[in-house]
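Here is the structure we will look at, set down as structure tokens.
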Amino acid sequence: MQVLFEVDCAGHDYVMAIDRLLEKASLPEDTALFARELVSTVIENRERIDEFIPRFAPAWPLDQIAIVDRNILRLGICEIIFDLVPAKVAINEAVELAKTYGGESSSKFVNGVLGSFYAELCQSKTK
């Protein structure tokens, strides 16, 4: 989320940002690889991912959603549509990120948007 925030806020190159962040962290190799994959997947598919957010948060134009919340939503949607982790795990992790880094109502907002997104996705799969 930190890399996506930096890219969104400051326009920095995501490869350099994640390299710098991972250099400071002492993560297992598989965790670092997953982080790289997740960030690159979000960045490469950001336009597609961003199409979903206004559908499930219609009262909020994308550019008016807090940067932290917007990027948490991007992560969650990416993890769900690309089956990187189980959807319920993606939603729970996103809510926890929102509780930690977002504002007072961020966790409810993120939960509502991702929950609605997932519910519609499930409905479309059963049709």
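Numbering starts at 1 and runs along the sequence shown. A quick note: this is a predicted structure, and the numbers were derived from the prediction, not measured.
- Taking 4.5 Å as the limit, some side-chain heavy atom of Ile53 sits within range of a side-chain heavy atom of Arg74.
- A salt bridge is defined here as a Lys NZ or Arg NE, NH1 or NH2 lying under 4.0 Å from an Asp or Glu carboxylate O, and Arg70 with Asp50 fails to meet this definition.
- For the pair Arg20 and Glu6, the salt-bridge criterion is met [side-chain N within less than 4.0 Å of a carboxylate O].
- Taking the side chain as every heavy atom from C-beta outward, Arg36 and Asp19 approach each other to under 4.5 Å.
- Judged by distance alone, the side chain of Asn45 and the main-chain N or O of Thr41 form a donor-acceptor pair under 3.5 Å.
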message: Does Val42 form a side-chain contact (heavy atoms from CB on, under 4.5 Å) with Asn71? I'd like the steps, not just the answer.
response: CA-CA 9 Å; Val42 170; Asn71 285 290; 5.7 Å; no
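- In this structure the side chain of Asp13 never reaches within 4.5 angstrom of the side chain of Val7, judged on heavy atoms.
- At least one side-chain heavy atom of Phe34 sits under 4.5 Å from a side-chain heavy atom of Leu84.
- Taking CD1 of Ile18 as the reference point, atom CG of Leu38 lies at 8.0 Å (rounded to 0.5 Å).
- Without hydrogens or angle criteria, Ser40 side chain to Glu37 main chain gives a donor-acceptor distance under 3.5 Å.
- Of all non-hydrogen atoms in Asp69 and Ser106, the two that sit nearest each other are OD1-OG, 2.8 Å.
- Exactly one of Val68, Val39, Thr100 qualifies for a side chain to side chain contact (heavy atoms under 4.5 Å, CB included) with Met1. That residue is Val68.
- Salt bridge absent: Arg48 and Glu51 never bring a charged side-chain N and a carboxylate O closer than 4.0 Å.
- Take Leu27 and apply the side-chain contact (heavy atoms from CB on, under 4.5 Å) test, not counting sequence neighbours, and it matches Leu22, Ala25, Thr31.
- Residues satisfying the ring pair (Phe, Tyr, Trp, His ring centres under 6.0 Å) test with Phe56, not counting sequence neighbours, are Phe117.
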